[in-house]
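The structure under discussion appears below in the form of structure tokens.
Below, chains carry the letters A, B, ... as their sequence lines are ordered, and counting in each starts from 1.
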Amino acid sequence: MGAAAEPTTTTTDHEGERPTMLKVTGLRKVYDGGAVAVEAVRDLTFELAEGELVCLVGPSGCGKTTLLKCIAGLMPPTGGTVELEGRPVTAPPPDMAVVFQEYGRSLFPWMSVRANVELPLKQKRLPVERRTGLVREALEAVGLAGSADAYPWQLSGGMQQRVAIARAVAYEPKVLLMDEPFAAVDAQTRADLEDLIRALWKRLGVTVLFVTHDIDEAVYLGERVLVLSSSPTVVQDDVTVDLPAGRDQLTTRRDGRFTELRTRVYAEIQRAKRGDAGADGRPQDRTGGREGSPVAGGSPAG
Amino acid sequence: MNRPLGTARSDDSAGTRAPAARPRRGAAGRLGLRTLHVLLLPVVLVGVYAYAGAASDSYYTPTPDLIAAAFVELWFSERLFTDVLPSIARLLTGFTVAAVLGVGLGVLLGLSPRTRALLEPVLEFLRAVPPPVLVPLMILLAGIDDSMKVMVIVSGCVWPVLLNTVEGVRAVDPVLADTARCYGITGATRLRVLVLRSAAPQIMAGLRLALALAIILMVISEMFASSSGLGFAIVQFQRSFAIPEMWAGMVLLGLIGFALSALFELVEGRVLGWYRGLRAANRGG
Ligand SMILES: Nc1ncnc2c1ncn2[C@@H]1O[C@H](COP(=O)(O)OP(=O)(O)O)[C@@H](O)[C@H]1O
Ligand SMILES: [Mg+2]
């Protein structure tokens, strides 16, 4: 329906059928509050189709959080636009949920786990029965049904992040943004949480933009990986992850294709670093160059 | 839609960081021990005072039994209604008005940098004026009745509440504020579930200071141009050389202060239970 009404919709190169959910065009953000202006994001353009799970990788400090805040409507961009289902985003849209990296600071410490998850639903004015149902389902989905009455600070870091995920899931958003949600949890918990995100995404059909600085995590989770260059930031590469949909921590990570994709993403990030050392205005040329010549990172399959 | 998720797992392995429950000693036993702790030093002090007083036999330092007798005779009479209760009523009224005013204005200033910049110099000046010197002015403005005394209490108590509230409101965690915005929590709800709750530790600290100030200011305001109240009674006893009665008044003031502070602690425990737990958890891990 949406696609028919908009004949000019540019479809992403890998999935022609699904309508566009999120569209970022020429996004630029300059912080000029301090003594010197910092150009955190230079020129970002990309799209997310409905129901897609896209990972965004980039080195620390390249502007991932900045980008996410602009998408979430928490901060106005200096230039460019963000559109959600064709409507420009100027304030936090009601169909979007965000999971922040700092789980310890994104939960209300004076509320129980249950109250934390229920609060946004109260704000949506859902009836009581619906609310309790959603809260219970969400907490069960993240394996925290038994901790509903605990306070966030009584839980471990991984559990706190799961509460934040449950809150986002119970909210029933169309788009879920996640900003390095697992950067501060231990490796085992992290693997569990990665599988949890894949499972929730498959079950709910939600569109997910998952930000990370971890290349392995991006390739393991995503249907598509957007590689950001280091500051000033542009989209360096857009890699389609053609791994089977059913992923498994052991077999997927051993898969030869997984290794190839990871190598390619890694090479792109290295290239971005080298490119920046040379000239500032080259990112667009480089994208053109990549299509013309064989991939420098050395992944022959493709 | 309702397919169960394979990844749901129990949390036994993750381990909760809840402070481990201490071995229970029995509620009655603990209460008894606590009472002993609280009473030990006062009993010793009264003992020392009684011994020293008996030795010196001074007119101005009567023995504890004389003070106790005066205490019972004075305060278990109609003076309870003419002096004690009016004093407490003025104290509580002044404290409540200062609390409401301080928190209200503090939230306003804390949330709006422009209002803060506008009002800050005036507030700094007003804060620097010691409240007792306002008494003569208040007598002119409000007369010598209750409203003058309440105004003196308010004018002194409002500052710690106001300044602490401003600090607390300004210190709301930006990540938490962003989270609230994402979930559409704005306006009055934001004030109720985010701003006031997260500023509560500072607000309570301000209120605690204000309560101690309120008692002092109540007594001072009653020492000027007054015909009733504890401050008035104590000055009157002193002038008429009713020394045990004067002491009995001081003891009563001390007891009122103690009771109010105990009551405050009870309320604080209710309001800030989460904060104590959070701090304990942060220290532990
Ligand atoms: N509020 C701010 N004011 C000024 N500069 C900022 C601000 N926030 C971030 N930056 C700068 O913008 C750049 C990108 O930051 P950020 O988006 O947090 O990166 P990432 O999330 O990828 O680590 C960094 O150089 C950082 O120093
Ligand atoms: Mg970041």
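At a heavy-atom cut-off of under 4.5 Å, chain B is reached by A/L119, A/P120, A/Q123 from residues 118-130 of chain A, listed in order of number. Interface with chain B: from residues 170-185 of chain A, residues A/Y171 qualify, criterion being any non-hydrogen pair under 4.5 Å.
Salt bridge status for A/E194 with A/R190: present, with a side-chain N to carboxylate O gap under 4.0 Å.
Looking at A/A150, there are no atoms closer than 4.5 Å to chain B (heavy atoms on both sides), in backbone or side chain. When heavy atoms are compared at a cutoff of 4.5 Å, A/P94 does not approach chain B at all. Heavy atoms of B/D173 lying under 4.5 Å from chain A belong exclusively to its side chain.
Residues passing the side chain to side chain donor-acceptor pair (under 3.5 Å) test with B/E268 are B/R208, B/R276, sequence neighbours excluded. Under the rule for a side chain to side chain donor-acceptor pair (under 3.5 Å), the partners of A/T189 that lie at least two apart in sequence or sit in another chain are A/D186.
Remark: side-chain polar atoms of B/R116 are paired, donor with acceptor, to backbone N or O of B/L109 under 3.5 angstrom. Formation of a donor-acceptor pair under 3.5 Å by the B/S112 side chain with backbone atoms of B/L108 is not found in this model. Between the A/Y220 side chain and the A/Q249 main chain, a donor and an acceptor come within less than 3.5 Å of each other.
With contacts defined as side-chain heavy-atom distances shorter than 4.5 Å, the pair A/K29/A/C70 qualifies.
With A/E223 as the fixed residue, the salt bridge (charged side-chain N to carboxylate O under 4.0 Å, His left out) test singles out one of A/R247, A/R198, A/R18: A/R18.
For A/K69, the NZ atom counts as loosely surrounded, since its 6.0 Å shell holds 12 or fewer non-hydrogen atoms of other residues, nucleotides or ligands.
A donor-acceptor pair shorter than 3.5 Å can be found between the side chains of A/T212 and A/E217.
A/F108 and A/W110 have perpendicular rings, their planes meeting at more than 60° on a 0 to 90° scale where under 30° would count as parallel.
Of the listed residues (B/L194, B/T186, B/L176), the greatest number of heavy-atom pairs within a distance under 4.5 Å of chain A belongs to B/L176.
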